[in-house]
Chemist: 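Sharing a structure, written as structure tokens. Questions coming.
In the text below, chain A, chain B and the rest are named by the order of the sequence lines, each starting its count at 1.
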Amino acid sequence: MIPPNTASTSIRRQPESEAETSPTHRSTCVECDGTVIYSEDKGEYHCDACGLVLEESNIDRGPEWRAFTERETSQKSRVGAPITHTLHDKGLSTMIGWRNEDTYGNALSKRQQQKFQRLRTWDERFRTRDSKERNLKQALGEIDRMASALDLPTPIRETASVIYRRALEKDLLRGRSIEGVGASALYAAARQANTPRSLDEVAAVSRIGKSKLARTYRYVARELALGIAPDDPTDYLPRFASDCEVSVETETRARHLLEVAAEQDALSGKSPVGLAAAAIYAATRRTEDSLTQADASEVTNVSKVTIRNRYQELLEIADDADPNELES
DNA sequence: ATGGTTTTTACTGCGTC
DNA sequence: GACGCGGTAAAAACCAT
């Protein structure tokens, strides 16, 4: 059977509004300066201008069959919630219903009601029987809570859940808090998905301190061989740009500044968050946007001094490399 | 532990509205 | 005078050794 969803080969242009709604994925093409757009049905990121496909790792979760009539639709349809790692039983286990009635909707007798109440109790106990399951249940709840607080999308929660499961399997929890490992998993997942949150931000929504989180994260990342690439400052740009309420042009310029500096190897050793913040600020000086150092500092949690130091360096490098960009 | 680097804190001076 | 910006010194945090 041929999966029909892959049949179309033409590159589809997404309407402008479509791209606006997912700012986390909006970025600039590596080849030209076109906007990278996500196309839902093809499951890939491609450049609007040159059509370069950036990423196509998404899995097509659509049905592998086609239905031509209403009848076929209802007959071939398979039901059930999708399997997920964010629930401790992956959403697979069943539960005794809470309604005190039988399959036909008739009320149960008092005696039967009591019986089912006892069954429910035991059912719950068995489903979360051993300590690992209970551990997972709590941890995944925490991960979900933190992810919500950090505005991280579902796929990242899935990844975080998987990382946590692996940590649990490898017995990495010894002497470490559920909270800490959960937060580490989330931090790692966010970075892996190129939508990083800073250690500060993650620590803020967790119940552990920054240093503990950093230590735990290191440990988990090493033991599980997560192999996460060093933080890229440009990954912070979309979020900072929108939080600072600056134009897309500013964001593009900021990205450009960072790229030029990166070519000169002027970025290593400096904190990515600080660089991103500085790049945004620096860019506003070359555009119509007005942004004060104080505001930039507030939004990004980077000190004004750091922004000052970095942004001057960035502008210097950019002007050296590209003197004809001098304007205003 | 140690030393080197980076970031933060705190304070001060300058120009402008 | 408040504000935005810039600079400095010293403390704190971070990292590799």
Chemist: Give the rounded distance in Å between these two atoms: CZ of R308(A) and C1' of dT9(B).
Modeler: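 Going from CZ in R308(A) over to C1' in dT9(B) covers 12 Å.
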
Chemist: Between L291(A) and V305(A), which has a closest nucleotide on DNA chain C that is more 5'?
Modeler: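 Closest to the 5' end, via its nearest nucleotide, is L291(A).
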
Chemist: Identify, between Y281(A) and K210(A), the residue whose nearest nucleotide on DNA chain C lies closer to the 5' end.
Modeler: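 Taking each residue's closest nucleotide, the earlier one in sequence belongs to Y281(A).
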
Chemist: Is any side-chain N or O of R218(A) closer than 4.0 Å to OP1 or OP2 of dC15(C)?
Modeler: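 Yes, R218(A) has a side-chain N/O under 4.0 Å of OP1/OP2 on dC15(C).
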
Chemist: Using whole Å, what does the distance between atom P of nucleotide dC5(C) and atom OH of Y311(A) come to?
Modeler: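 Roughly 8 Å, once rounded to whole Å.
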
Chemist: Which value, rounded to the nearest 0.5 Å, describes the distance between T287(A) atom OG1 and D289(A) atom CG?
Modeler: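 Interatomic distance, T287(A) OG1 to D289(A) CG, rounded to 0.5 Å: 4.0 Å.
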
Chemist: For DNA chain C, which residues in residues 292-302 of chain A have a heavy atom at a distance below 4.0 Å?
Modeler: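 Within this stretch, T292(A), Q293(A) sit under 4.0 Å of the strand.
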
Chemist: Over all strands shown, is K304(A) touching base, sugar-phosphate only, or nothing at heavy-atom distances under 4.0 angstrom?
Modeler: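 The residue K304(A) makes no contact with any strand.
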
Chemist: Rounded to the Å, how far apart are Y217(A) OH and dC15(C) P?
Modeler: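 Spelled out: OH on Y217(A) to P on dC15(C) is 12 Å.
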
Chemist: Can you see if the side chain of Q312(A) gets near the phosphate of dC5(C) - specifically, an N or O under 4.0 Å from OP1 or OP2?
Modeler: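 For dC5(C), OP1/OP2 do not have a side-chain N/O of Q312(A) under 4.0 Å.
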
Chemist: Answer yes if the side chains of N135(A) and Y164(A) hold a donor-acceptor pair under 3.5 Å, and no otherwise.
Modeler: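 There is such a pair between these side chains.
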
Chemist: Using whole Å, report how far CG of L199(A) lies from C1' of dC15(C).
Modeler: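 Taking CG of L199(A) and C1' of dC15(C), I get 14 Å after rounding.
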
Chemist: Taking atom P of dC15(C) as reference, at what distance in whole Å does atom CG of D231(A) sit?
Modeler: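 Computing the D231(A):CG to dC15(C):P distance gives 12 Å.
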
Chemist: Provide, to the nearest angstrom, the distance between the CZ atom belonging to R215(A) and the P atom belonging to dC15(C).
Modeler: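 In whole Å, dC15(C) P and R215(A) CZ are 13 Å from each other.
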
Chemist: When you check the side-chain N and O atoms of Y187(A) and R191(A), is any donor under 3.5 Å from an acceptor?
Modeler: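 The answer is yes; a qualifying pair exists.
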
Chemist: Touch check for S211(A), heavy atoms < 4.0 angstrom, all strands: base, sugar-phosphate only, or nothing?
Modeler: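 The residue S211(A) makes no contact with any strand.
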
Chemist: Quick one: is dT8(B) close enough that its OP1 or OP2 comes under 4.0 Å of any side-chain N or O from S303(A)?
Modeler: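 Result: yes.
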
Chemist: May I ask you to evaluate whether S271(A) reaches the phosphate of dT7(B), defined as a side-chain N or O under 4.0 Å from OP1 or OP2?
Modeler: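 So the side chain of S271(A) is within the cut-off, an N or O lying under 4.0 Å from OP1 or OP2 of dT7(B).
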
Chemist: Is there a donor-acceptor pair under 3.5 Å between the side chain of R166(A) and the backbone N or O of L224(A)?
Modeler: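 Yes, because the side chain of R166(A) sits within donor-acceptor range (under 3.5 Å) of the backbone of L224(A).
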
Chemist: Just how far is it from atom CG of D243(A) to atom CG of D295(A), taken to the nearest 0.5 Å?
Modeler: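 Output value for this atom pair is 12.0 Å.
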
Chemist: Figure out the CG/P separation between L275(A) and dT6(B), and round it to whole Å.
Modeler: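 One finds 11 Å between P of dT6(B) and CG of L275(A), rounded.
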
Chemist: Between the side chains of R165(A) and E169(A), is the shortest nitrogen-to-carboxylate-oxygen separation below 4.0 Å, so that they form an ion pair?
Modeler: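 Salt bridge absent between E169(A) and R165(A).
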
Chemist: Closer than 4.0 Å, any side-chain N/O of R310(A) to the OP1 or OP2 of dT7(B)?
Modeler: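 For dT7(B), OP1 or OP2 has a side-chain N or O of R310(A) closer than 4.0 Å.
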
Chemist: Name the one of L257(A), L258(A), V273(A) that satisfies side chain to side chain contact (heavy atoms under 4.5 Å, CB included) with P233(A)?
Modeler: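 For P233(A), the side chain to side chain contact (heavy atoms under 4.5 Å, CB included) test succeeds with only one of L257(A), L258(A), V273(A), which is L258(A).
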
Chemist: Examine the side chains of D232(A) and T234(A) and answer whether a donor and an acceptor come within less than 3.5 Å of each other.
Modeler: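 T234(A) and D232(A) do have a side-chain donor-acceptor pair below 3.5 Å.
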
Chemist: Expressed in angstrom and rounded to an integer, what is the separation of N309(A) atom CG from dT6(B) atom C1'?
Modeler: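 Those two atoms, CG and C1', are 10 Å apart.
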
Chemist: Among dG6(C), dT8(B), dT7(B), which is the nearest nucleotide to the side chain of R285(A)?
Modeler: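 For the R285(A) side chain, the nearest candidate turns out to be dG6(C).
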
